[in-house]
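Remember, predicted model here, so these are calculated numbers, not experimental data.
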Amino acid sequence: MIQFLSEGFIQRALLTGSLLGATCAVLGVFVVLKRMAFIGVGISHAALGGVALGLVLGFPPLAAAGVFSVLVAWVIGWITRKGEVSEDTAIGIFFPTAMALGVALISISPTYRQGLMGYLFGDILSVGRGDLWGLVLLTGTSLGVLTLLFKEFLFLGVDEEGAKAAGLPAAFLNYLLLSILAVTIVAAMKLVGIVLVSAFLVIPAATGQALASSVRAMVVLSVISALASVGAGLWLSWLWSLPSGASVVLFAAVLFFASYLFSTIRSRH
Amino acid sequence: MELRDVWFSYGRRTALEGVSLEVPAGSFAALIGPNGAGKSTLLRLLLGILKPNKGTVSLFDQPPGKHGEPIGYVPQGIRLPKGFPLSVEDVVLMGRYGTLGPIKRPSREDRVRVNQSLDQVRMAHLARRRFEDLSGGQQQRVLIARALVSDPCLLILDEPTSGLDPAARARFYGQVCDLQRAKGLTLFCASHDVEDVAQHAQQLILLDQTVRASGPPQEVLRSQAVREVYHFPPPHDHQEADPHLETAPPPEADKGGTAP
């Protein structure tokens, strides 16, 4: 364990993973409340199109994925708010289209395919010092906005019409939440990859919900579950040479099933 | 509360055609009409969620959202994901968020007001209970407490008793009327429960894209417009249509699926 903690790359991975995990956990409360799990899947897969565009056009792939994902999230939000197409349908259109764009662009050159695996399944152990500060800035901003506007996002998730009637800027808050979701998903691609990032947005929050008796407790327990998953997942990954993203998500799933079991047994007594 | 020649369309579908009505302060007005009559659209215009294509909507002599007076809104209900740990107290506290402003956290005074509001609807003893664990009637009382916590002088209710049994509906309207009298509130309630609201409201407004009849409940219920709009005589009303009540002709536009 001491050897595990003394490695520089492990320390960076733990710090980055903890920040990303905490942000995903707080955001996950709203993902669960607003039933946005599918939009999380859609944005994470659309990010592949952004990564590919970045690689082909010579921009930093993560930055390109961030801009692309925010735009896709806004378009999905705009189409849904217009009411002509349901959210599910809008996501169902943009998710495969953006992913197909990514696959088509990446197929142009075999060199792009090699870097792609890191984005698909995550490689937090390769986080460098430069990446670290970028991720700290992104997650810090997302976490700060979520904390400051927590009660407004909660009202919006519980009763959007009521929030509008109370004078809250519902449209602005919706687009802001979608932007935070897109940015966090892109940042978390480093941790667990495109394929698993949406699971990391839902599982810790679901664990928190199974155990909590209040919204505040749900947030705290979600964050604890995410941090425990990052720590234990990385340790198991180091111990058994497993892919880090998969280890983190699998440990998060084990925590969820344990908490669900506990909650079911508790409710029977 | 006043609407003057208000028109509203969702794209090419007309929802409201030249709606004009006035509700005096301190009274209880009920809006009735069949599905697709435009009741929810009209409420959204009053709340400032929608803007009219033509005509004016005014509350307290100002457009919605510009008057600075808190308005209480009671929706049909709120649907939470199963198992979401939102307490009754949390739901009522949301009624303070509009006046609290961003970033600020609820104060001790806000929580005192929450308890007072819950007390007014006799739900203070369930403040810590999960919202999803309450019955439909109890949930509606909590939503009334949420509407009252900002101390409004106007309460807008959107089919607040849908899904409640007759006894619960009667209790609900009785309690709402007690509150209205005690606090001098103006009530504007859209409802399908024609009999229940007719017993309590001072003014009944029959909407079918436009205002087809408006006046004291018994007069509206005896009007020819009610028979035309509902295609049968209203329950417990076997009298002849009142020839003295002024009613509007039916709208000519297609009514198919006008309001969400």
Taking the side chain as every heavy atom from C-beta outward, state whether B/R44 and A/E161 have any atom pair closer than 4.5 Å. yes
Sort out for me which of B/D90, B/L47, B/D158, B/L80 touches chain A most, counting heavy-atom pairs under 4.5 Å. B/L80
Please report the shortest heavy-atom distance between A/R216 and B/R105, naming the atom on each side. NH2-NH2, 3.4 Å
Check whether any side-chain heavy atom of A/V158 lies under 4.5 Å from a side-chain heavy atom of B/M94, and answer yes or no. yes
For the CD1 atom of B/I103 and the CD atom of A/E152, what is their distance to the nearest 0.5 Å? 8.0 Å
I'd like to verify something: which residue of B/S87, B/G11, B/G98 has the highest number of heavy-atom pairs under 4.5 Å with chain A? B/G98
Give, as side chain, backbone, both or neither, the part of B/R128 having an atom under 4.5 angstrom from any heavy atom of chain A. neither
Under 4.5 Å from a heavy atom of chain B, the part of A/L33 involved: both
Filtered by a 4.5 Å non-hydrogen cutoff, the part of residues 15-24 of chain A contacting chain B is none
Please state whether the side chain, the backbone, both or neither of A/L149 comes within less than 4.5 Å of a heavy atom of chain B. side chain
Mark yes when over 12 heavy atoms from residues, nucleotides or ligands other than A/R266 sit less than 6.0 Å from its CZ; otherwise mark no. yes
For the atom pair CG (A/D159) and CZ (B/R79), what is the distance rounded to the nearest 0.5 Å? 12.5 Å
Find the distance between CZ (B/F84) and CG (A/L154) and round it off to the nearest 0.5 Å. 6.0 Å
Minimum heavy-atom separation for B/P85 and A/A212, please, with both atom names. CB-O, 3.9 Å
Would you say CZ of A/F38 has more than 12 non-hydrogen atoms from neighbouring residues, nucleotides or ligands within 6.0 angstrom? yes
Gap between atom CZ of B/R129 and atom OG of A/S213 - 0.5 Å precision: 13.5 Å
CZ/B/R96 to NZ/A/K151 distance, rounded to the nearest 0.5 angstrom? 12.0 Å
Name the option with the most non-hydrogen atom pairs under 4.5 Å to chain B; the candidates are A/A217, A/S214, A/S263. A/S214
Contacting region of B/L100 [heavy-atom separation from chain A under 4.5 Å]: side chain
Given that the side chain runs from C-beta out, which part of B/P81 has a heavy atom under 4.5 Å from chain A: side chain, backbone, both or neither? both
